[in-house]
Amino acid sequence: MSRQCLIVRGGRPGHDPVGSTDLFLPALEEQGFVVDIEETPEVYADAHAMARYDLIVQSVTMGSATVDEVAGLRAAVAAGAGLAGWHGGIIDSFRSATDFLQLTGAQFAAHPHAPEDRGSTDVEAYRRYTVRFTDAAADHPITAGLADFEVHTEQYWVLADGLNEVLADCELVAGEGDEWAHAVTMPVAWTRHWGEGRVFATTLGHTLDVLRLPPVTAMIERGMAWAAR
């Protein structure tokens with residue numbers, strides 16, 4: 001029997017919610033999912049519809065969701081559906097919905113410019129940094145066999161909590177003019193149990209070229225498989 005996956009995508013177009021989710025459709029199909037796609041979170045409020053899904057993949061940067069929509073998503077995950085996503089599509093969604101922020105375990109706070117680019121309005125807030133796999137990652141099905149790697153992309157400063165199992169992290173290094181005094185460790189990929197369900201999220205994925213990096217692709221594909229009912 002096929003498993004059911006719901007993709008909810010939309011919000012800020014700069015994160016290419018259509019292109020980024022389409023990138024993972026072949027992997028979802030290979031994993032045996034029949035995929036439904038919604039362009040708004042309205043479906044979250046439909047308990048009958050949500051009960052069908054074994055996996056929910058969300059790519060909605062910013063945007064908004066009603067109280068009923070957030071409650072429906074939380075209930076579906078607590079009942080055993082998996083939730084997975086990347087970058088702003090999952091941890092910069094529905095900023096005013098605190099119940100959603102609690103579900104995901106982390107919230108985007110900033111992506112500081114590299115010191116040499118501070119104050120520039122025409123330069124992306126990119127930094128070069130190393131994604132480091134934690135001890136917990138060594139034998140986890142999402143990250144086993146993956147090695148530390150370097151990226152040049154947005155580096156998310158996130159607010160996170162202790163329920164997360166962090167599989168990858170990075171150091172956000174203070175440069176001249178930065179307000180923080182020393183390097184700060186930031187989570188890059190983590191898992192989370194919520195009721196009977198599982199959550200996987202990563203801060204990576206600002207652009208398609210980052211999503212196509214082999215270790216990033218591997219983490220997301222495995223993360224979706226791990227999270228699913």
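- Within the 4.5 Å cutoff, side-chain heavy atoms of W157 are placed close to those of M186.
- For the residue pair T134 and A168, the shortest heavy atom distance occurs at CG2-N, 4.1 Å.
- Side-chain contact between T202 and V216 is absent, with no heavy-atom pair separated by less than 4.5 Å.
- Under a hydrophobic-cluster definition in which Ile, Leu, Val, Met, Phe, Trp and Tyr are linked whenever side-chain heavy atoms come within less than 4.5 Å, directly or via other members, L25 and V18 are assigned to different clusters.
- More than 12 heavy-atom neighbours from other residues, nucleotides or ligands sit within 6.0 angstrom of CD on Q107.
- The CH2 atom of W226 sits 5.5 Å away from the CD1 atom of I142 when rounded to the nearest 0.5 Å.
- Counting only heavy atoms from C-beta outward, the side chains of V173 and H182 never approach each other to under 4.5 Å.
- Residues L167 and W190 are not in side-chain contact: their nearest non-hydrogen atoms beyond the backbone lie 4.5 Å or more apart.
- The residues D16 and R9 are annotated as not salt-bridged, no charged nitrogen and carboxylate oxygen being separated by less than 4.0 angstrom.
- When atom types are taken as modelled, the side chain of D178 and the backbone of W180 share no donor-acceptor pair closer than 3.5 angstrom.
- Using bins of under 30°, 30° to 60° and over 60° for the plane-to-plane angle, the ring pair Y156/H87 lands in the parallel bin.
- Looking only at side-chain heavy atoms (C-beta outward), H140 and T191 come within less than 4.5 Å of each other.
- In plain terms, the two heavy atoms of S59 and S20 that are nearest each other are OG-OG, 3.7 Å.
- When every heavy atom of E176 is checked against every heavy atom of P115, the shortest pair comes out as O-CB, 4.1 Å.
- The closest side-chain heavy-atom distance from I37 to E39 is below 4.5 Å.
- By the 4.5 Å heavy-atom criterion applied to side chains, V57 and L6 are not counted as neighbours.
- Tested against Q58, the residues T104, I7, L73 include a single side chain to side chain contact (heavy atoms under 4.5 Å, CB included) partner, L73.
- Separation of atoms CD (E154) and OH (Y129) is listed at 8.5 Å; rounding is to 0.5 Å.
- Note that OG1 of T61 is 9.5 Å distant from CZ of F94, once rounded to the nearest 0.5 Å.
- Minimum heavy-atom separation, A201 to I91: CB-CG2, 4.5 Å.
- Side chain of D161 to backbone of L163: a donor-acceptor contact under 3.5 angstrom is found.
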Original post:
Passes side-chain contact (heavy atoms from CB on, under 4.5 Å), T40 versus V8? Steps please.
Top reply: CA-CA 6 Å; T40 77; V8 176; over 6 Å; no
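- For A189 against M219, the heavy-atom pair with the smallest separation is CB-SD, 3.9 Å.
- Ion pairing between a basic and an acidic side chain is recognised when a charged N comes within 4.0 Å of a carboxylate O; R12 and D92 show no such pairing.
- Not a single salt bridge (charged side-chain N to carboxylate O under 4.0 Å, His left out) links R222 to another residue, sequence neighbours left out.
- Ion pair D148/R132 not flagged as a salt bridge, since none of the NZ, NE, NH1 or NH2 atoms sits closer than 4.0 Å to an Asp/Glu carboxylate oxygen.
- The cluster map of Ile, Leu, Val, Met, Phe, Trp and Tyr, joined by side-chain heavy atoms under 4.5 Å apart, puts F149 and I220 in the same cluster.
- The number of heavy-atom neighbours closer than 6.0 Å to CD of E196, taken from other residues, nucleotides and ligands shown, is 12 or below.
- Note on V188 and M224: same hydrophobic cluster, where clusters join Ile, Leu, Val, Met, Phe, Trp and Tyr whose side-chain heavy atoms are under 4.5 Å apart, directly or indirectly.
- Taking CZ from R52 and SG from C5, the interatomic distance works out to 12.0 Å, rounded to the nearest 0.5 Å.
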**OP:** Test L172 against R127 for side-chain contact (heavy atoms from CB on, under 4.5 Å), laying out the working first.
**Re:** CA-CA 9 Å; L172 212 165; R127 288 180 174 234; 3.6 Å; yes
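- A salt bridge is absent between D117 and R128: the closest approach of a Lys/Arg side-chain nitrogen to an acidic carboxylate oxygen does not fall below 4.0 angstrom.
- Hydrophobic clustering, with ILVMFWY side chains joined whenever heavy atoms are under 4.5 angstrom apart, keeps W194 apart from F200.
- Both F133 and L213 belong to a common hydrophobic cluster when Ile, Leu, Val, Met, Phe, Trp and Tyr are linked at side-chain heavy-atom distances under 4.5 angstrom.
- Q155 places a side-chain N or O within donor-acceptor distance of the main-chain N or O of E171, the cut-off being under 3.5 Å.
- The shortest side-chain heavy-atom distance between L55 and R3 does not fall under the 4.5 Å cut-off.
- Evaluation of the ring pair (Phe, Tyr, Trp, His ring centres under 6.0 Å) rule for Y126 yields H152, H206 as partners, not counting sequence neighbours.
- Under the 3.5 Å distance criterion, the side-chain polar atoms of T130 are left unmatched by any main-chain donor or acceptor of E150.
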**OP:** Report the C-alpha distance between T217 and L211 in whole Å, list the side-chain angles of each, state the deciding distance to 0.1 Å, and finish with yes or no for side-chain contact (heavy atoms from CB on, under 4.5 Å).
**Re:** CA-CA 6 Å; T217 302; L211 291 171; 5.6 Å; no
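- Q102 CD to R192 CZ: the interatomic distance, rounded to the nearest 0.5 Å, is 7.0 Å.
- The CD atom of E69 sits 10.5 Å away from atom CE of M50, with the distance rounded to the nearest 0.5 Å.
- Taking every heavy atom of both residues into account, L146 and P215 meet most closely at CD1-O, 4.0 Å.
- Looking only at atom types and distance, the side chain of S120 has no donor-acceptor partner in the side chain of D122 under 3.5 Å away.
- Considering only residues two or more places apart in sequence or on other chains, W86 meets the ring pair (Phe, Tyr, Trp, His ring centres under 6.0 Å) condition with F24.
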**OP:** Apply side-chain hydrogen bond (donor to acceptor under 3.5 Å, both in side chains) to the pair Y44 and D68, showing each step before the final yes or no.
**Re:** CA-CA 8 Å; Y44 289 162; D68 288 344; over 6 Å; no
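- Ion pairing between R229 and D54 holds under the 4.0 Å rule for side-chain N and carboxylate O.
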**OP:** Report the C-alpha separation of D209 and T207 in whole Å, then their side-chain angles, then the decisive distance to 0.1 Å, and conclude whether the side-chain hydrogen bond (donor to acceptor under 3.5 Å, both in side chains) test is met.
**Re:** CA-CA 5 Å; D209 62 315; T207 53; 2.2 Å; yes
